[in-house]
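Below is one structure; the comments refer to it alone.
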Amino acid sequence: MEVRRGRQMELIWNTFAVAERRMLPKDTAVPKQSTDLISTTGYDSIIQHLNDGRKNCKEFEDFLKERASIEERYGKDLMNLSRKKPCGQTELHTLKRALEVFKQQVDSVGQSHIQLGQTLREEARKMEDFREKQKLHRKKIELIMDAIHKNRNLQYKKTIEAKRLYEQRCRDKDEAEQAVHRSANLVTQKQQEKLFVKLAQTKTALEDADRVYQANVSAVEKVRQEWQNEHIKACELFENQECERISCFRNALWLHINQLSLECVKNDESYEEIRKSLEQCSIEKDIEYFVTLRKTGSLPPAPVVYENYYNSQKNAGSGKNQAPAPGRRPQCPVPASKPTDPEYSTVDGYSLIHHP
């Protein structure tokens with residue numbers, strides 16, 4: 001306890017201990033030491049440091065809120081992507097199942113990011129509650145210290161004024177005594193009596209000023225003791241608050257990193273499900289499934305053969321009476337040559353091509 005109290009006394013007067021000052025960077029501004037009773041240099045430095053710490057907590061709180069908004073937007077975009085954007089919707093069999101797993105897991109990743117955003121908002125709210133709680137607790141101590149500082153400063157000024165008046169009365173009394181000694185044989189009896197009366201008055205005024213001065217010194221000492229005790233209590237409370245703040249800040253940051261790491265694990269688990277579904281994807285099975293689903297028969301179509309129009313006509317007429325019907329012209333004979341023959345354009349010596 002004595003070590004702790006001594007540490008607080010360093011904070012009261014110097015703000016930084018000598019050993020701490022050596023560890024500071026060279027360009028760090030160190031408050032000047034002051035033994036003036038009404039100086040608040042050390043106290044102001046502590047309050048400024050606490051305010052900076054509260055500001056740092058607020059910045060981390062805002063960071064969490066912004067990160068939460070990013071995670072929520074990203075999660076919603078992923079869900080919209082997986083639900084609304086087509087991705088291989090006409091695939092079949094095992095690859096189709098793999099794509100379904102892929103879209104489901106992308107949707108799951110999106111939901112996970114939205115959940116992470118909500119978790120980060122909750123952590124930001126906890127940080128805000130902690131910060132406001134410390135602010136309210138510290139505000140009570142600051143109000144007490146402000147009242148003590150005001151009373152101390154007022155009493156100190158009264159004491160300094162009493163000291164100034166006391167010293168002035170001492171000078172007046174000394175001057176009156178010197179005047180009496182100098183004029184012992186040079187003035188009349190009446191004038192000498194006036195000097196003695198003035199000397200008596202200065203002594204009375206001096207005694208009154210001395211009593212007032214001593215009373216003010218006692219009063220300011222009482223105020224100083226009260227201020228010092230309250231200052232030590234305030235420093236101990238502020239130190240506990242700062243330890244609690246640093247611990248809370250560190251733990252909040254640690255938790256934030258764990259949450260991000262857990263999110264990566266969840267994402268990897270989702271992606272692992274996609275990899276497993278892709279491992280079950282079989283090219284041969286998908287081909288076989290497609291063939292089974294869409295096959296039209298086991299035999300290929302018959303080849304297309306050449307059918308000569310005239311042969312088909314001749315074959316059609318061979319089964320009928322070849323005698324011409326009365327009053328009708330006989331049928332035109334079927335060409336004896338093949339289409340590829342040079343004489344394909346002649347029929348029984350009759351040429352269809354007119355030569356000039």
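What you see is a predicted model, and the numbers here were worked out from it, not measured in a lab.
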Are any side-chain N or O atoms of Ser108 and backbone N or O atoms of Gln104, one a donor and one an acceptor, separated by less than 3.5 Å?
no
Within the side chain of Asn80, is there an N or O that forms a donor-acceptor pair under 3.5 Å with the backbone of Lys76?
yes
Side chains of Asn240 and Glu236: any donor to acceptor distance under 3.5 Å?
no
Do Lys103 and Lys85 have side chains that get closer than 4.5 Å, going by heavy atoms?
no
Full working for side chain to side chain contact (heavy atoms under 4.5 Å, CB included) between Glu242 and Ile246:
CA-CA 6 Å; Glu242 183 65 4; Ile246 294 174; 3.8 Å; yes
If you measure only the distance, is there a donor-acceptor pair under 3.5 Å linking the side chains of Gln178 and Asp174?
no
Glu177 bridged to Lys173 by N-O distance under 4.0 Å
yes
Are Arg125 and Glu128 within salt-bridge range, i.e. N to O under 4.0 Å?
no
Are Leu37 and Trp227 close enough that some pair of their side-chain heavy atoms sits under 4.5 Å apart?
yes
Within a radius of less than 6.0 Å around CZ of Phe238, do more than 12 heavy atoms belonging to other residues, nucleotides or ligands occur?
yes
Minimum heavy-atom separation for Ile38 to Arg152, with atom names?
O-NH2, 3.4 Å
With a 6.0 Å cut-off (strictly less than), is the heavy-atom count around CD of Glu100, excluding the residue itself, greater than 12?
yes
May I ask you to say whether Glu221 pairs ionically with Arg224, meaning some side-chain N is under 4.0 Å from a carboxylate O?
yes
Which label fits Phe60 and His256: parallel for a plane angle under 30°, tilted from 30 to 60°, or perpendicular past 60°?
perpendicular
Check whether Asn51 reaches the backbone of Ile47 with its side chain - one donor and one acceptor, N or O, closer than 3.5 Å.
yes
If you link ILVMFWY side chains whenever their heavy atoms are less than 4.5 Å apart, which other residues fall into the same cluster as Tyr166? By chain and number, please.
Leu206, Tyr213, Val217
Quick one: pull up NZ in Lys285 and CD1 in Ile283 and give me the separation to the nearest 0.5 Å.
12.5 Å
Taking Arg54's backbone N and O only, do any of them form a donor-acceptor pair with Gln134's side chain (distance below 3.5 Å, no angle check)?
no
Tell me whether Lys133 is salt-bridged to Asp129, with the criterion being a basic N under 4.0 Å from an acidic carboxylate O.
no
For Glu59, look at atom CD and say whether over 12 heavy atoms of other residues, nucleotides or ligands are found less than 6.0 Å away.
yes
Would you kindly say whether Gln214 and Asp210 are connected by a side-chain donor-acceptor distance under 3.5 Å?
yes
Quick test of your reading of the model: are Glu279 and Arg275 salt-bridged, counting only N-O distances below 4.0 Å?
no
With rounding to the nearest 0.5 Å, note down the distance linking CG in Asp52 to OG in Ser45.
10.5 Å
Donor-acceptor contact below 3.5 Å, side chain Thr159 vs main chain Gln155:
yes
With a cut-off of 6.0 Å (strictly less than), are more than 12 heavy atoms of other residues, nucleotides or ligands near NZ of Lys65?
yes
Are any of the side-chain heavy atoms of Leu278 and Val101 separated by less than 4.5 Å?
no
With heavy-atom distances below 4.5 Å as the criterion, would you say the side chains of Glu273 and Glu269 are in contact?
no
One pair to check against side chain to side chain contact (heavy atoms under 4.5 Å, CB included): Ile141 and Lys233. What are the steps and the verdict?
CA-CA 9 Å; Ile141 305 300; Lys233 292 179 183 178; over 6 Å; no
Heavy atoms of other groups near Phe249 CZ, more than 12 under 6.0 Å:
yes
Does atom CD (Gln89) have a neighbourhood of more than 12 heavy atoms from anything else shown, all under 6.0 Å?
no
Quick check: does any side chain N or O of Asn229 sit under 3.5 Å from a backbone N or O of Gln225, one acting as donor and the other as acceptor?
yes
Does a side-chain N-to-carboxylate-O contact under 4.0 Å join Lys266 and Glu263?
no
Report yes if some heavy atom in the side chain of Arg171 is under 4.5 Å from a heavy atom in the side chain of Gln168; otherwise report no.
yes
Short question: side chain of Lys96, backbone of Glu91 - any donor-acceptor pair under 3.5 Å?
no
When rounded to the nearest 0.5 angstrom, what distance separates CE in Met79 from NZ in Lys84?
10.5 Å
Quiz question: by atom type and distance under 3.5 Å, do the side chains of Gln280 and Thr94 form a donor-acceptor pair?
no
